[in-house]
Protein chains: 2
Amino acid sequence: MDLDDRNKKVLQAVIDSYIASGSPIGSTVLVKRFDFGVSSATLRNIMADLEEMGYLTHPHTSAGRIPTDLGYRYYIDSLISVENDSEDIEEHLQQAPQLHGDDLQELMEEASRFLATLSHCAGVIVAPSESEAAYRHIEFVRLRGRQVLIIFVTSNGIVQNKLIDIDESIRQQDLNGFSAYLDEELEHRSLAEVRQQLIDKMKEEKLVFMQLMDETYRASQDVQERENEKVYIGGASQMLESPEFANVEKMRALFKAFEDKYKLLKLLDRSVSAQGIKVFIGSENPYFEMQGCSMVVGNYNAGSNVVGTLGVIGPTRMQYKQVIHVVDYTAKLLTKLLGERFQRGLDR
Amino acid sequence: MDLDDRNKKVLQAVIDSYIASGSPIGSTVLVKRFDFGVSSATLRNIMADLEEMGYLTHPHTSAGRIPTDLGYRYYIDSLISVENDSEDIEEHLQQAPQLHGDDLQELMEEASRFLATLSHCAGVIVAPSESEAAYRHIEFVRLRGRQVLIIFVTSNGIVQNKLIDIDESIRQQDLNGFSAYLDEELEHRSLAEVRQQLIDKMKEEKLVFMQLMDETYRASQDVQERENEKVYIGGASQMLESPEFANVEKMRALFKAFEDKYKLLKLLDRSVSAQGIKVFIGSENPYFEMQGCSMVVGNYNAGSNVVGTLGVIGPTRMQYKQVIHVVDYTAKLLTKLLGERFQRGLDR
DNA sequence: GATTAGCACTCGCCAAGATAGAGTGCTAAT
DNA sequence: ATTAGCACTCTATCTTGGCGAGTGCTAATC
C-alpha cells in the first residue's frame, strides 16, 4: 500500500527469486542478480524495513529473507501483472493435451489432471451445480422381481438413476403410463418446482403410485445434492515434487485433507460467487488449515449461469503468474466444452 | 518346505516380531520374548541356517534378522492359520462402519475406504465386470436442438448414458418407436449378442435409424469397457502411517503408481480367475514393481458369476492375518450387498 | 539525510571423530 | 548338539569445530 517504488521493486525481486530458488534470499545475492544501483548495505536496510512492515521474514538470524503470507498477498495484488509477458505461457498451453471426455465424469477427471499437469499442483474441480437444471424425462424400468430402476433425466443431459423395490402388481405398462404422466406434468420445470409439484400431487394422488412419487421426489433431490457434492482431485502427486513437502508429516496431513473431500468442497464453494480468479494464500483460508499451501481458484460456466468451481492447491511458493494463467485457461476451456455440450446444440 | 518344527517356530517368531516391531530381530530379543528352551547362541545358529536357506536376511553385519520375500511367502503359505484365533478380529469387524451406498459407484467408494480403514493399507476395488449382463432397455431422450441422450440399461441395473447429435427431423415419437422396437428385438440377450444383432440389423435397416443403431452399438460397448476400467482407490493415506514410507521418494513413487489406475487394473485382473484370497509379496508381482509392497486380493460376486476383484496394497510388513480377514470379510460383504441389489429382488 | 564500507556477531550446515549399543560369528568347552 | 564367551562389526547418536552466508550496527562519505 504505502510502499515507494524502490521498496516495491525489492519486494518483487525477493519474492521472484524465492519462488524460483526456494531458499532464503540475502542482500548480496540480490544486488548481484538485479541492478538496483545501490549497495548490499542499502538493500539490507530496505529489507529490514520490509520486514518491519510485515512483508518479509527471517527463518533465523543469519539467513536471507523469505516472503510472509502478507508479502505474497501484496505480490499477488499489486506486483504481478497477469496480462503482459504471457506469450510463453500461451505457447506452453498450446502443447497441452486436449480434453475429450464425452461423459461428464470423465471430463471432470481429465480436467483435474489437466490442471495438475500444467500447474504442478493438485487440480481440484467441483462438479457443476445443477440448480438451474430443468426436468426433462423420467423412466421406470422393471428389473428382476420387485426391483425397479428410476432414471431421471434433466434438460442438460444429467442422468441420475436409483434402484427401488416396489409392489410386484405394478406392471411395466403401468410404469410407462405413469412416466408419461409425469413427463407431461413436469416438463420444463425447475427441480425445485418439480419437488413442490410432487408434494402437491402426493396429497391428491391414488395410493398405487404413492411410493413411486415419493421415490421420484427423492431422486430429484439426489440429482442436486449428489452431483453437487462431487469433487474431483487429480494429480495430487504433483505436489510431492515440491521440496516443501519433503517433510513426511506434512505430506501425510495433506493427503488426509484430500481424502476429506467434503472440506475441500466447502472451501471451494466459498469462492463460487465471485467472478474471476482468486488466490488464497497460506493461512488465509479458514477451512483448509494447511500451513504453506495456497489455492488458486476460478469458476467455469455452462451457459449463462455460474455452475462450478475449479482450481489448484499447491505450495505457497508456487509460480503464481503461470498458475493463474493455467486456471484461467482451464476455466475458459471447460466453459467452452460444457457450453458446446449443454447449450449450443442448436448452432452446430 | 523342508523345515523341521523348531526352524518353523523360529521363523514364525522372527516374522511375527518383525511385523509387530518393524525393526530387525536379534537372537537375544527372541530368546527373551519366546521360550524356545535354547540359548541365544543356538538361536543364532538356527537363524544362520534360515538365512542360508533364503528365508531371512541381514540389513548389515551387526543387525538382527528380517524376513526376505521368500520368508514371507513361506509364512503366508505354511505358518499362519487364518481360521483360528479370529475372535478378536471378528469383534473388530463388528464395530466396522456399515456400507449403505445405494448407488453402485458410491458403494464402491465406500467399500474401498472400508478396506483401507480396517487394514491400514490402501483399499482397491475393481468395479464388477458386466460381461454377463443382459440387455434390458434403451431410451432415447431428445434434449435441446440436435442433441439426444441415449440411456442404456442392463438387467442388473447398470445405467450407461451417452450424448449424441442427430438429425433434427427425427422426432421424440420416432425415437420412442425405435426404442420399443429395439427392446423387443434385444430383450434378455447378452451384450455380445446385442452387438452382433445390431451389426446384422444395420445391414438391412432403413437409413434414418442407421446412426442411432451405430451409437447404440457403441453404447453397448461402453457399458462393458468403461465400467470394467473403473478402479476405486480409497484411503491411500493409510499407507503413509507405516514407517517404511517415511522415505519421500518411495511415497512419491507409490502415489504416482496409484494415479496410473490402468496398471493397477491389469494387476488385479490377473487374479480374478482364482477363488479365495491371494497374497502377492514384494517383487512377486510383475506389474507393480514397487519394492516393499504386498497385495492381498480377493474376489467378490454378484450372483453366481465372478464379477469383481478387490484387495489392499500395503507395506510388505503388514499384519497379514488380520488383513486377509478383512479382505475376506469385505469380499463377502460386498457379495451379499450386490446380491441383494441385483439378484435376489424376488425373495425380499 | 541518505548511502555506503567495514566489521563483529550469529546461526545453520557439514564433516570428522568419539562413544555406546546391539548383534553376529567363531571357537572351545560341555 | 548345545552353550558360554569373546572379539569384531556396524549403526546410530552426540559432540566438536570450522566454514560460509548473512545480518545489524557504526562511523564515514556523498
Side-chain angles (χ1 to χ4, degrees), chain A residues 2-11 13-15 17-18 20-68 71 243-244 246-248, chain B residues 2-11 13-18 20-68 71 243-244 246-247:
Chain A
D2 48 349
L3 290 185
D4 66 20
D5 214 49
R6 197 176 63 178
N7 280 0
K8 275 187 191 174
K9 266 188 189 151
V10 172
L11 182 57
V14 170
I15 300 185
S17 303
Y18 181 66
S21 76
S23 40
I25 307 300
S27 55
T28 37
V29 180
L30 218 52
V31 90
K32 247 178 260 170
R33 189 149 16 174
F34 301 84
D35 186 22
F36 291 107
V38 295
S39 76
S40 67
T42 312
L43 269 185
R44 277 200 288 284
N45 289 330
I46 297 172
M47 284 159 97
D49 289 351
L50 288 169
E51 179 160 1
E52 206 174 346
M53 286 187 272
Y55 296 119
L56 294 178
T57 188
H58 254 148
H60 57 87
T61 332
S62 74
R65 297 311 207 286
I66 60 174
T68 60
E244 16 268 289
N247 180 336
V248 180
Chain B
D2 49 349
L3 291 185
D4 67 20
D5 214 49
R6 197 178 60 181
N7 280 0
K8 276 187 192 173
K9 267 188 189 149
V10 173
L11 181 56
V14 170
I15 299 185
D16 277 340
S17 303
Y18 180 67
S21 76
S23 40
I25 307 299
S27 55
T28 38
V29 181
L30 217 52
V31 91
K32 248 178 258 169
R33 188 148 17 173
F34 301 84
D35 186 22
F36 291 109
V38 296
S39 77
S40 67
T42 313
L43 270 184
R44 278 203 287 283
N45 288 329
I46 298 172
M47 284 159 96
D49 288 352
L50 288 169
E51 178 161 3
E52 205 174 347
M53 286 187 273
Y55 297 118
L56 295 178
T57 188
H58 253 147
H60 57 87
T61 331
S62 74
R65 297 312 207 286
I66 59 173
T68 61
E244 16 270 288
N247 179 334

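No hydrogens, no waters, no symmetry mates; every other heavy atom, side chains included, goes into these values. Every chain is numbered from 1 and lettered A, B, ... according to where its sequence line falls, protein lines coming before strand lines. Keep in mind the model is a prediction, meaning the values are calculated, not measured.
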Shortest non-hydrogen contact between [X] and [Y], atoms and distance:
X: A:M47; Y: A:V10; answer: CG-CG1, 4.2 Å
X: B:P59; Y: B:P24; answer: CG-CG, 3.9 Å
X: B:I15; Y: B:G71; answer: CD1-O, 3.5 Å
X: B:Y18; Y: B:P67; answer: CD2-CD, 3.4 Å
X: B:V31; Y: B:S40; answer: CG2-N, 4.1 Å

* Structure fact -> So NZ of A:K9 and CG of A:D35: to nearest 0.5 Å the spacing works out to 10.0 Å

* Asked: Among B:V29, B:L56, B:L43, B:I66, which residue meets the side-chain contact (heavy atoms from CB on, under 4.5 Å) test with B:V14?
  -> B:L56

Between [options], spot the one nearest the side chain of [X], thanks.
X: A:R44; options: D:dT23, C:dT24, D:dG22; answer: D:dT23
X: B:M47; options: D:dT2, C:dT24, C:dT3; answer: C:dT24
X: A:A48; options: D:dG24, C:dA5, C:dG25; answer: D:dG24

What is the separation between atom [atom1] on [X] and atom [atom2] on [N], rounded to the nearest whole Å?
X: B:H58; N: C:dG23; atom1: NE2; atom2: C1'; value: 8 Å
X: B:D49; N: C:dG25; atom1: CG; atom2: P; value: 11 Å
X: B:E51; N: C:dC26; atom1: CD; atom2: C1'; value: 15 Å
X: A:I46; N: C:dG1; atom1: CD1; atom2: P; value: 19 Å
X: B:L30; N: D:dT3; atom1: CG; atom2: C1'; value: 17 Å
X: A:L50; N: D:dG22; atom1: CG; atom2: P; value: 17 Å
X: B:E52; N: C:dG25; atom1: CD; atom2: C1'; value: 13 Å
X: B:N45; N: D:dA1; atom1: CG; atom2: P; value: 11 Å

Please state whether the phosphate of [N], meaning OP1 or OP2, lies under 4.0 angstrom from any side-chain nitrogen or oxygen of [X].
X: B:T42; N: D:dT2; result: no
X: B:R65; N: C:dT24; result: yes
X: A:R6; N: C:dA2; result: no

* To do: Mark yes or no for whether B:T68, through its side chain, and B:G54, through its backbone, hold a donor-acceptor pair below 3.5 Å.
  => yes

* Asked: For A:A41, which contact category applies under a 4.0 Å heavy-atom criterion: base, sugar-phosphate, or nothing?
  -> base

* What is the nucleic acid contact for B:T28, judged by heavy atoms within less than 4.0 Å: base, sugar-phosphate only, or nothing? -> sugar-phosphate

* Before giving the answer on side-chain contact (heavy atoms from CB on, under 4.5 Å), spell out for A:R6 and A:T42 the whole-Å C-alpha distance, their side-chain angles and the decisive distance to 0.1 Å. => CA-CA 11 Å; A:R6 197 176 63 178; A:T42 312; 4.2 Å; yes

For nucleotides 11-21 of chain C, print each protein N/O atom paired with a nucleotide N/O atom at under 3.5 Å, atom names and distance only.
unit_1: C:dC11; atom_1: O2; unit_2: A:S62; atom_2: OG; d: 2.9

* Asked: Which residue lies toward the 5' end of DNA chain D, A:V29 or B:G37, if each is placed at its nearest nucleotide?
  -> B:G37

Taking the side chain as every heavy atom from C-beta outward, state whether [X] and [Y] have any pair of such atoms under 4.5 Å apart.
X: B:L30; Y: B:S27; value: no
X: B:L50; Y: B:R65; value: no
X: B:L3; Y: B:Y55; value: yes

* DNA chain C base-pair string [pairs: Watson-Crick or G-U under 3.5 Å; |: paired with another strand] -> ||||||||||||||||||||||||||||||

I'd like a list of close polar pairs between nucleotides 27-30 of chain D and the protein, N/O only, cut-off under 3.5 Å.
none

